[in-house]
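Here's the structure, in structure tokens; my notes come after.
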Amino acid sequence: MRVLLIEDDEMLGDGLREGLCAQDFLVDWFRDGDSADTALRNADYDCMVLDLGLPGLDGLTWLRRWRGRQQVIPILILTARDAEDDRIDGLDTGADDYLVKPVSARELAARVRAVTRRARGRAEPVWRHGALAFDPASRRVTWRGDPVELTSREAGLLEVLLGHPGRVLSRQQLVEKMYGWEGDPESNALEVFVHHLRRKISPEIVRTVRGVGYALGPASD
């Protein structure tokens, strides 16, 4: 899952990024709204974690601007402002959740998963696709009730495909979701991961759309 983190405090931002990355999130961290806005225009994020006390325009102003621009990305406010009026303003302006600092990386990760589930219309914590079950929190995968051992990259690819069950994703989109801008995978790395998912789960779990990319295969029992 790719997260856009906007936090101007260097120590806190670095700690949150490291904590989320340790739980297999891909995190792009920016310290101001202008930089984050540029990133949002050029990448596909699953969730945003937004501080309100930013340099220049504050987080609430950016939130109002993004929602006015019809940005539907789930947005979780993480701030030191703990007054009731601040929480009401944040939620009414368009935030999907509101957290007051300090917060552990584990709770933040759980909140990110929760708002992302709701945005995708998934109430259940375990994603199911036919006989396949995937738990984003633990990264556990089962196929027809049997556990499947996947590497972190393999599980990341499966998560991206399960998160977009009706969509064909290009190679570039998949690589950006799995590696971000700083990643530099081998030229055939994606194809290798696709091969591993097919071998470990089912030959039909990933569908190749020739000349376009890959998509989640049909659900099967």
Side-chain angles (χ1 to χ4, degrees), residues 1-127 134-139 159-160 162-164 177 180:
M1 188 181 299
R2 191 172 183 183
V3 176
L4 176 59
L5 171 64
I6 311 168
E7 169 59 62
D8 69 321
D9 184 288
E10 185 168 354
M11 184 175 295
L12 179 58
D14 188 57
L16 291 173
R17 179 178 61 179
E18 290 298 319
L20 289 174
C21 287
Q23 299 178 74
D24 292 313
F25 288 85
L26 182 63
V27 181
D28 293 336
W29 169 33
F30 298 94
R31 295 166 177 80
D32 62 84
D34 284 305
S35 300
D37 186 52
T38 299
L40 193 58
R41 292 176 184 272
N42 290 281
D44 183 17
Y45 290 97
D46 298 293
C47 184
M48 178 193 298
V49 177
L50 174 66
D51 181 26
L52 294 184
L54 299 174
L57 297 178
D58 70 3
L60 200 63
T61 301
W62 278 110
L63 174 60
R64 187 176 293 110
R65 180 173 296 185
W66 286 322
R67 289 312 192 210
R69 216 162 65 196
Q70 306 303 311
Q71 284 282 356
V72 297
I73 179 175
I75 297 178
L76 190 159
I77 288 175
L78 178 61
T79 180
R81 301 179 189 177
D82 60 353
E84 181 181 28
D85 285 346
D86 290 322
R87 296 196 299 272
I88 291 171
D89 284 346
L91 293 169
D92 282 347
T93 300
D96 298 275
D97 200 356
Y98 193 108
L99 269 176
V100 176
K101 300 173 183 175
V103 64
S104 70
R106 290 181 64 243
E107 181 180 357
L108 179 59
R111 298 273 189 157
V112 167
R113 287 191 294 267
V115 298
T116 305
R117 278 200 310 272
R118 292 197 295 269
R120 291 172 175 170
R122 294 174 180 259
E124 71 282 0
V126 177
W127 300 358
F134 175 75
D135 184 344
S138 65
R139 313 283 277 185
E159 182 176 24
V160 174
L162 285 168
H164 304 82
K177 282 281 193 180

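Treat the numbers as computed from the prediction; the structure is a model and nothing was measured. All values below come from the heavy atoms of this structure, side chains included, with hydrogens, waters and symmetry mates left out.
When side chains are defined from C-beta on, Thr38 does not count as touching Arg41, because their heavy atoms never get closer than 4.5 Å. Counting only heavy atoms from C-beta outward, the side chains of Leu108 and Leu16 approach each other to under 4.5 Å.
Of all heavy-atom pairs between Ala119 and Pro74, the closest is CB-CG, 3.4 Å. For the residue pair Cys47 and Thr116, the shortest heavy atom distance occurs at CB-OG1, 3.8 Å. In this structure, Leu4 and Ala36 approach most closely via the heavy-atom pair CD2-O, 4.0 Å. Taking all atoms of both residues into account, the shortest heavy-atom contact from Asp37 to Trp66 is OD1-NE1, 2.8 Å. Taking every heavy atom of both residues into account, Gly59 and Leu50 meet most closely at O-CD2, 3.5 Å. Closest non-hydrogen pair, Gly163 versus Trp127, comes out as N-CZ3, 3.8 Å.
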Going by atom type alone, with no hydrogens or angles, which donor-acceptor pairs under 3.5 Å involve a side-chain atom of residues 76-93 and a protein atom two or more places apart or on another chain?
from  : atom 1 : to    : atom 2 : distance (Å)
Thr79 : OG1    : Arg81 : N      : 3.1
Arg87 : NH1    : Asp82 : O      : 2.5
Thr93 : OG1    : Asp89 : O      : 2.6

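A distance of 7.0 Å separates CZ of Phe134 from CG of Leu162, quoted to the nearest 0.5 Å. To the nearest 0.5 Å, atoms CZ (Arg31) and CG (Leu54) are separated by 12.0 Å. Rounding to the nearest 0.5 Å places CD1 of Ile6 at 4.5 Å from CE of Met48. Remark: Leu5 CG to Cys21 SG distance equals 9.5 Å, nearest 0.5 Å.
Glu159 has a carboxylate O that lies under 4.0 Å from a charged side-chain N of Arg139, or vice versa, which qualifies the two as a salt bridge.
Applying the side-chain contact (heavy atoms from CB on, under 4.5 Å) rule to Pro102 yields no partners; only residues at least two apart in sequence or on another chain are considered. With sequence neighbours excluded, no residue forms a ring-ring contact (aromatic ring centres under 6.0 Å, His included) with Trp29. Remark: Gln71 pairs with no residue by the side-chain hydrogen bond (donor to acceptor under 3.5 Å, both in side chains) rule, at least two apart or across chains. In terms of the side-chain contact (heavy atoms from CB on, under 4.5 Å) criterion, residue partners of Ala109 (sequence neighbours excluded) are, by chain and number, Leu20, Gln23, Phe25, Arg113.
Counting only residues at least two apart or on different chains, the side-chain hydrogen bond (donor to acceptor under 3.5 Å, both in side chains) pairs with a member in residues 94-111 are Glu7-Lys101, Asp51-Lys101, Arg67-Asp96, Asp97-Arg111, Glu107-Arg111.
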### Query
Going through the checks in order, is the salt bridge (Lys or Arg N to Asp or Glu O under 4.0 Å) test met by Asp44 and Arg2?
CA-CA 8 Å; Asp44 183 17; Arg2 191 172 183 183; over 6 Å; no

